[in-house]
Amino acid sequence: MKTAITELLNIQYPIFQGGMAWVAEHTLAAAVSNAGGLGIIASGGAPCDYVREEVRKTKALTDKPFGVNIMLMNPEADAIAHMVIEEGVKVVTTGAGNPEKYFPVWKEAGIKILPVVASVGLARRMEKYGADALIAEGCESGGHIGEMTTMTLVPQVAQAVHVPVVAAGGIGDGHGVAAAFMLGAEGVQVGTRFLLADETQIHENYKEKVLKAKDIDSQVTGRSTGHPIRVLRNPMTRKYLKMEAEGATLEELEVMTLGSLQRAVVEGDVKEGSLMAGQVAGLLNKRQTCKEIIEEMMTEAVDVMEEAAGRFQKR
């Protein structure tokens, strides 16, 4: 399938793997890129040297395009922003901050810039400063979220800008891909489904929780702090939400969640760890390779769109 996104990034399929902190490392990113999508390494809160090593390991596993997601609240975001130039990374996605100051040097280096946006205003601003495309992410997604849903955000962003839009949030199968295209997107970013990829190096306990999740099993914590995060419910989320309701301070909440994502991903602590996952988790029921995930989603998307076109023609 050729879209403005596949042409822009020279990839086979318009599917990105989300930049999930502690999850999106070189094994997963390379597997997605080798399967024809765009693999992404997440910087999260990691130091620059770690991210550089992940970039180099990815290069050793694939000759296909891949990207780095820079979480701009990372204390070493500035160093990482220049490291991607030094290492010849071709695609950068950004989140949790304003990347405008890096646009000139990234542009000069030939890097394609795709900021994650959660509003039309931010989308217009990013386009004005030179973004090559935008990732419009709805609140159905796992991890840090905005307020708008994918269904409402994507078409408004697509109509407001002239650069290609990638839809993210709540997309886990071909029906979601087809819906994203109908909303005006030229590609999709998928996170939660890749948690179940064979190549994903997260603890088995985490994968099992995603596999067993029902439609109502995600909760949003942190609304009182201004940094809402969608996770699967567990004893930690129940305690967190109770503390929020009782007026706990930001410091008290941060102490409780410090290192919680690492506990889930690396140690498999599904009780006190932060199990970031989107609402689409309830739709997922199997493990596959990255290649199988991407090819199944694209085949299903084409079938769904052809079937829908046929129904409308009959009417």
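Numbers here are sequence positions counted from 1.
Note that the CD atom of Gln219 and the CG atom of Asn234 stand 8.0 Å from one another [nearest 0.5 Å]. With values rounded to the nearest 0.5 angstrom, Asp173 atom CG is found 12.0 Å from Ile293 atom CD1.
For Glu251, there are no side-chain hydrogen bond (donor to acceptor under 3.5 Å, both in side chains) partners, not counting sequence neighbours. A search for side-chain hydrogen bond (donor to acceptor under 3.5 Å, both in side chains) contacts involving Gln288 returns Arg193, Glu296, not counting sequence neighbours. With sequence neighbours excluded, the residues that form a ring-ring contact (aromatic ring centres under 6.0 Å, His included) with Trp106 are Tyr102. Residues satisfying the side-chain hydrogen bond (donor to acceptor under 3.5 Å, both in side chains) test with Lys107, not counting sequence neighbours, are Asp132. In this structure, Gln159 has no side-chain hydrogen bond (donor to acceptor under 3.5 Å, both in side chains) partners at least two apart in sequence or on a different chain. Residues forming a salt bridge (charged side-chain N to carboxylate O under 4.0 Å, His left out) with Glu300 (at least two apart in sequence, or on another chain): none.
Salt-bridge check for Glu292 with Arg287: failed, with every basic side-chain N at 4.0 Å or more from each acidic carboxylate O. Classification of Lys128 and Glu100 as a salt-bridged pair fails, no side-chain N sitting under 4.0 Å from a carboxylate O.
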Contacts table for residues 18-25: side-chain donor-acceptor under 3.5 angstrom, sequence neighbours left out:
| unit_1 | atom_1 | unit_2 | atom_2 | d |
| --- | --- | --- | --- | --- |
| Glu25 | OE1 | Thr27 | N | 3.1 |
| Glu25 | OE1 | Thr27 | OG1 | 3.0 |
| Glu25 | OE2 | Thr27 | N | 3.3 |
| Glu25 | OE2 | Leu28 | N | 3.0 |

Expected list for residues 44-52: side-chain donor-acceptor pairs under 3.5 angstrom, two or more places apart:
| unit_1 | atom_1 | unit_2 | atom_2 | d |
| --- | --- | --- | --- | --- |
| Arg52 | NH1 | Glu86 | OE1 | 3.1 |
| Arg52 | NH1 | Glu87 | OE2 | 2.9 |
| Arg52 | NH2 | Glu86 | OE1 | 2.9 |

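Within the structure, side chain to side chain donor-acceptor pair (under 3.5 Å) pairs that include any residue of residues 256-277 do not occur (at least two apart or interchain). Residue pairs meeting the ring-ring contact (aromatic ring centres under 6.0 Å, His included) criterion with at least one partner in residues 162-193, sequence neighbours excluded, are absent.
Phe16 shares a hydrophobic cluster with Ile5, Leu8, Leu9, Ile11, Leu38, Ile40, Val91, Leu114, Val116, Ile135, Val166; the chain of contacts runs through ILVMFWY side chains whose heavy atoms sit under 4.5 Å apart. Within the hydrophobic cluster formed by Ile, Leu, Val, Met, Phe, Trp and Tyr side chains joined at under 4.5 Å, directly or through other members, Met256 is accompanied by Met236, Tyr240, Met243, Leu253.
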